[in-house]
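Here's the structure, in structure tokens; my notes come after.
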Amino acid sequence: MVNLHPSWLSVLQPQFDAPHMVNLRAFLAQEREAGKRIFPKGSEWFHALDATPLDQVRVVILGQDPYHGEGQAHGLCFSVKPGVPPPPSLVNIYKELQSDLGYPPPRHGHLEHWARQGVLMLNAVLTVEANRAASHQGKGWEAFTDEVVKQVNNLDRPVVFILWGSYAQKKAAFVDTSRHHVIKSPHPSPLSAYNGFFGSRPFSRTNAFLRDHGQPEIDWRLPETA
């Protein structure tokens with residue numbers, strides 16, 4: 001069952017009949033028939049596009065793959081379900097949030113509050129096999145999410161693209177920087193966060209751009225409970 005906001009469905013409908021999506025559906029069906037567990041659950045594959053309608057997108061955060069651990073992924077990049085401890089990259093995102101804006105980290109890793117304000121939290125690949133990182137790369141999702149990024153790039157109002165790491169930066173390399181604002185830094189992973197992610201101030205820089213262009217700021221402070 002495809003759950004995504006009508007504003008996205010209206011522009012992405014042709015994608016579902018494209019060869020890469022036909023092949024992807026066949027692959028996913030084969031994986032399920034083989035008894036493999038796929039994260040997140042099917043109703044959440046497009047959750048990023050359901051939680052943040054196209055006409056409300058003000059910020060884009062790009063991830064790579066869903067979390068592959070039990071009960072973690074729910075369709076928003078870097079976010080986990082309520083009750084699941086924040087993974088290491090998200091812990092570092094919280095550290096930078098506190099350093100940047102002074103907001104103490106919540107005890108959860110659920111980022112729905114950001115998505116509902118116009119922060120499109122999109123992974124490049126929308127599914128993964130349980131306990132097998134990157135197992136669904138190269139199966140067709142990348143072409144689909146490229147089209148998602150293109151639709152945001154085509155908007156006639158400025159959007160902030162927060163690109164953490166080389167993968168996200170390469171995926172959004174075509175974004176028109178004469179209209180949109182691109183914030184680049186290393187990935188928040190423990191392997192790279194100390195190489196320039198910490199101190200990059202993406203949250204205050206995003207709000208400064210939105211404010212300067214007559215748009216409401218993002219309330220980056222997360223509720224204490226998810």
Side-chain angles (χ1 to χ4, degrees), residues 39-41 44-52 57-137 145 160-169 171-172 183-207 218-226:
F39 295 149
K41 62 183 180 182
E44 294 176 332
W45 291 353
F46 302 98
H47 183 52
L49 303 179
D50 197 41
T52 311
V57 174
R58 293 186 287 144
V59 181
V60 177
I61 297 178
L62 288 179
Q64 191 164 350
D65 290 278
Y67 295 119
H68 57 85
E70 187 71 46
Q72 291 182 305
H74 67 106
L76 302 181
C77 69
F78 296 105
S79 180
V80 291
K81 292 181 179 180
V84 177
S89 290
L90 184 52
V91 169
N92 285 338
I93 291 170
Y94 285 170
K95 288 179 180 178
E96 180 60 21
L97 177 62
Q98 184 168 21
S99 173
D100 189 6
L101 295 176
Y103 298 154
R107 288 187 285 271
H108 62 83
H110 196 233
L111 305 181
E112 193 86 16
H113 178 66
W114 294 353
R116 296 296 177 183
Q117 296 180 75
V119 182
L120 178 63
M121 309 193 66
L122 181 72
N123 276 316
V125 176
L126 302 187
T127 58
V128 69
E129 182 184 341
N131 304 315
R132 287 193 62 214
S135 51
H136 289 184
Q137 287 186 9
T145 54
V160 180
F161 288 80
I162 300 177
L163 307 178
W164 290 328
S166 58
Y167 185 94
Q169 291 163 21
K171 186 171 183 66
I183 296 174
K184 298 179 182 181
S185 81
H187 195 275
S189 160
L191 297 175
S192 57
Y194 286 95
N195 293 329
F197 172 75
F198 289 135
S200 62
R201 301 174 53 246
F203 308 103
S204 62
R205 291 165 65 190
T206 293
N207 279 351
I218 303 297
D219 175 17
W220 296 107
R221 186 194 295 268
L222 290 161
E224 276 303 308
T225 56

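Along the sequence shown, residues are numbered consecutively beginning with 1. The analysis underlying the following values was restricted to heavy atoms, covering all of them including side chains, and did not include hydrogens, waters or symmetry mates.
A134 meets the side-chain contact (heavy atoms from CB on, under 4.5 Å) test with D65, Q137; sequence neighbours excluded. For the side-chain contact (heavy atoms from CB on, under 4.5 Å) test, residues two or more places apart in sequence or in another chain that qualify with Y194 are F198. Looking at residues two or more places apart in sequence or on another chain, you find no side-chain hydrogen bond (donor to acceptor under 3.5 Å, both in side chains) involving R107. For R221, there are no salt bridge (charged side-chain N to carboxylate O under 4.0 Å, His left out) partners, not counting sequence neighbours. Evaluation of the side-chain hydrogen bond (donor to acceptor under 3.5 Å, both in side chains) rule for K171 yields T145, D146 as partners, not counting sequence neighbours. Applying the side-chain contact (heavy atoms from CB on, under 4.5 Å) test to D100 and every residue at least two apart in sequence or in another chain returns E96, R201, P202, F203, S204. For D219, the side-chain hydrogen bond (donor to acceptor under 3.5 Å, both in side chains) partners are H113, not counting sequence neighbours. In this view, T127 and L28, I38, W45, H136, W141 satisfy the side-chain contact (heavy atoms from CB on, under 4.5 Å) rule, not counting sequence neighbours.
Of the inter-residue distances, the one linking R58 atom CZ with T206 atom OG1 reads 10.5 Å to the nearest 0.5 angstrom. Rounded to the nearest 0.5 Å, atoms CD1 (I93) and OG (S189) are 10.5 Å apart. Taking CD1 from I61 and OG1 from T52, the interatomic distance works out to 10.0 Å, rounded to the nearest 0.5 Å. Rounding to the nearest 0.5 angstrom, the gap separating the CG atom in L90 from the OG atom in S79 is 7.5 Å. For the atom pair E44 CD and L76 CG, the distance stands at 8.5 Å (nearest 0.5 Å). Taking NE2 of H47 as the start and SG of C77 as the end, the distance is 11.5 Å to the nearest 0.5 Å.
The shortest non-hydrogen separation linking P106 to P223 is CB-O, 3.8 Å. Among all heavy-atom pairs drawn from G69 and F39, the shortest one is O-CE1, 3.5 Å. In plain terms, the two heavy atoms of P188 and A193 that are nearest each other are O-CB, 3.6 Å. Nearest heavy atoms, A133 versus H68: CB-CD2, 3.5 Å.
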For a quick test of your reading: what N or O donor-acceptor pairs under 3.5 Å do the side chains of residues 160-168 make, sequence neighbours left out?
none

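Listed by first and then second residue, the side chain to side chain donor-acceptor pair (under 3.5 Å) pairs that reach into residues 82-92 come to none, sequence neighbours excluded. For residues 70-79, the set of pairs meeting the salt bridge (charged side-chain N to carboxylate O under 4.0 Å, His left out) definition, not counting sequence neighbours, comprises R37-E70. The salt bridge (charged side-chain N to carboxylate O under 4.0 Å, His left out) analysis of residues 184-197, with sequence neighbours excluded, yields no pairs.
The aromatic rings of H187 and F78 are tilted relative to each other, their planes meeting at an angle between 30° and 60°.
Annotation: side chain of N207 is in contact with side chain of W220 (closest heavy-atom distance under 4.5 Å). Using a 4.5 Å heavy-atom cutoff, the side chains of L62 and L120 are not in contact. Counting heavy atoms from C-beta on, the side chains of K95 and P105 never come closer than 4.5 Å.
For S135 (side chain) and E129 (main-chain N/O), a donor-acceptor pair under 3.5 Å exists by modelled atom type. Not a single donor-acceptor pair under 3.5 Å links the side chain of Q72 to the backbone N or O of P85.
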request  = In sequence, state the C-alpha distance, the side-chain angles, and the governing distance for Y94 and L222, and then conclude on side chain to side chain contact (heavy atoms under 4.5 Å, CB included).
outcome  = CA-CA 10 Å; Y94 285 170; L222 290 161; 3.5 Å; yes

